[in-house]
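Have a look at the structure below before the remarks.
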Amino acid sequence: MTTILVTGGTGTLGRCVTARLRADGHEVRVLSRHARPYAVDLRLGGSGLDVALAGVETVVHCASSPRGGDEEAAEQLIAAARRAGVGHLVYISIVGVDRVPLGYYKSKLAVERQIETSGLGWTVLRATQFHDLLVSVLGGLAKAPVLLVPAGVQDQPVEVEEVADRLAGLALAPPAGRVADMGGPEVRTLESLARSYLRATGRRRAVGRVPLFGGTYRAARAGGLLAPEQAVGKTTFEEYLGRRFGG
């Protein structure tokens with residue numbers, strides 16, 4: 001039985017990873033800012049982080065925030081993992097962090113670099129966007145009378161539980177460095193995904209395509225968010241919608 005620490009273990013992905021590892025009989029510690037007994041703000045570190053890592057063999061680093069602080073959190077985690085003699089640090093990143101010049105993506109890429117040069121055994125997996133995130137975005141856009149999406153942009157959503165299964169498997173294997181990306185089963189236009197969302201939720205909205213400007217939009221139009229050669233996910237967006245909304 002392996003002792004594993006999951007950072008961000010109360011989040012969407014972290015909960016799934018924790019459940020999978022515990023089902024396999026491993027001792028899993030959940031670290032987040034409010035989850036006792038390992039309630040730690042990773043950006044600040046401190047003695048609580050050392051306590052959480054004592055005796056841990058593997059860390060699965062799922063904690064992340066678009067509001068910033070990921071690089072500071074990684075610095076604290078890496079330093080504490082070194083002190084604790086952790087043998088393996090597994091990190092979940094995002095497909096496109098090296099192609100799409102979004103601030104959050106730049107931070108995720110920087111964390112990848114920190115981990116690669118940490119001196120620890122490490123594994124990094126990049127995945128495409130989760131179904132849950134896409135539904136959240138489309139739900140916000142659907143509040144307007146017309147659901148507007150960026151013109152010419154495609155997405156490849158993936159099921160979070162499938163990513164969790166992959167991460168759990170990587171956590172139980174030796175450090176593997178940067179592994180193959182994980183993408184959802186289909187590359188789809190945002191327009192088609194929006195129409196599927198509207199049908200599943202019973203909302204009547206026109207869908208419009210809006211051209212945007214800037215480097216992030218250009219990179220997304222060029223396929224920066226996609227991993228078509230790694231379309232290994234099984235659950236389609238429609239299957240996810242059916243499970244979540246019925247019908």
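Keep in mind that what you see is a predicted model, and the values were worked out from it rather than measured. Computed from heavy atoms alone, side chains included, the values below leave out hydrogens, waters and symmetry copies.
L147 is connected to L190 through a chain of hydrophobic side-chain contacts under 4.5 Å among Ile, Leu, Val, Met, Phe, Trp and Tyr, so both are in one cluster. Residues I94 and V179 do not share a hydrophobic cluster, clusters being chains of Ile/Leu/Val/Met/Phe/Trp/Tyr side chains in contact below 4.5 Å. In the hydrophobic clustering of ILVMFWY residues, with side-chain heavy atoms under 4.5 Å counting as a link, L212 and L134 come out together. Residues V111 and L5 share a hydrophobic cluster, clusters being chains of Ile/Leu/Val/Met/Phe/Trp/Tyr side chains in contact below 4.5 Å. Residues Y104 and V95 are members of separate hydrophobic clusters, defined by side-chain heavy-atom contacts under 4.5 angstrom among Ile, Leu, Val, Met, Phe, Trp and Tyr.
No side-chain heavy atom of E57 sits under 4.5 Å from any side-chain heavy atom of V86. A heavy-atom distance below 4.5 Å is found between the side chains of L77 and L89. F237 is not listed as a side-chain neighbour of S192, based on a closest heavy-atom distance of 4.5 Å or more. You'll find the side chain of E239 stays beyond 4.5 Å of the side chain of E159, heavy atoms only. Residues R166 and V232 form no side-chain contact, since every pair of their non-hydrogen atoms from C-beta on lies 4.5 Å or further apart. Between L13 and L167 the shortest side-chain heavy-atom distance falls below 4.5 Å. Side-chain contact between R82 and L120 is present, with at least one heavy-atom pair separated by less than 4.5 Å. A heavy-atom distance below 4.5 Å is found between the side chains of E186 and E238.
Separating the CD atom in Q129 from the CD atom in Q156 is a distance of 11.0 Å, to the nearest 0.5 Å. With rounding to the nearest 0.5 Å, the separation of CG in L170 from OH in Y91 is 15.0 Å. Rounding to the nearest 0.5 angstrom, the gap separating the CD1 atom in I92 from the CZ atom in R126 is 10.5 Å. The distance from the NE2 atom of H131 to the OG atom of S136 is 14.5 Å, given to the nearest 0.5 Å. Put simply, CE on M182 and CD on Q230 are 10.0 Å apart, with the number rounded to the nearest 0.5 Å. Rounded to the nearest 0.5 angstrom, R22 CZ and I4 CD1 are separated by 10.5 Å.
Test L31, T7, V51 against V40 for side-chain contact (heavy atoms from CB on, under 4.5 Å) and you get one pass: L31.
Between L109 and V97 the shortest heavy-atom distance is CD2-O, 3.7 Å. Between G233 and P185 the shortest heavy-atom distance is O-CB, 3.1 Å. Here the closest non-hydrogen pair linking D70 and S65 is OD1-N, 3.0 Å. A pairwise comparison of heavy atoms in V6 and C62 identifies CG1-SG, 4.3 Å as the closest pair. Closest non-hydrogen pair, G183 versus T128, comes out as CA-OG1, 3.5 Å. The two residues R20 and A168 have their closest heavy-atom pair at CG-CB, 3.3 Å.
No donor-acceptor pair closer than 3.5 Å links the side chain of H88 to the backbone N or O of L172. Distance alone, capped at 3.5 Å, places no donor-acceptor pair between the R205 side chain and the V146 backbone. When atom types are taken as modelled, the side chain of D41 and the backbone of R43 share a donor-acceptor pair closer than 3.5 angstrom. Judged by distance alone, the side chain of R29 and the main-chain N or O of T3 form no donor-acceptor pair under 3.5 Å.
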Original post:
When you look at V135 and L241, which way does the side-chain contact (heavy atoms from CB on, under 4.5 Å) test go after all the steps?
Top reply: CA-CA 9 Å; V135 163; L241 291 172; 3.9 Å; yes
Subject >> From CA spacing to verdict: side-chain contact (heavy atoms from CB on, under 4.5 Å), T235, E161 >> reply: CA-CA 10 Å; T235 304; E161 292 181 1; over 6 Å; no
**OP:** Any chance you could lay out the side-chain contact (heavy atoms from CB on, under 4.5 Å) test for V90 and L125, step after step, and finish with the verdict?
**Re:** CA-CA 8 Å; V90 181; L125 170 68; 6.0 Å; no
**OP:** I would like to know whether L225 and Y105 meet side-chain contact (heavy atoms from CB on, under 4.5 Å); could you show each step before the answer?
**Re:** CA-CA 11 Å; L225 300 172; Y105 279 33; 3.6 Å; yes
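Counting heavy atoms of neighbouring residues, nucleotides and ligands inside a 6.0 Å radius, atom CZ of R244 exceeds 12 of them. By the 6.0 Å contact criterion, CZ on R203 is enclosed, its count of non-hydrogen atoms from other residues, nucleotides or ligands being greater than 12.
Under 3.5 Å, the side chains of S196 and R188 contain a donor-acceptor pair of N or O atoms.
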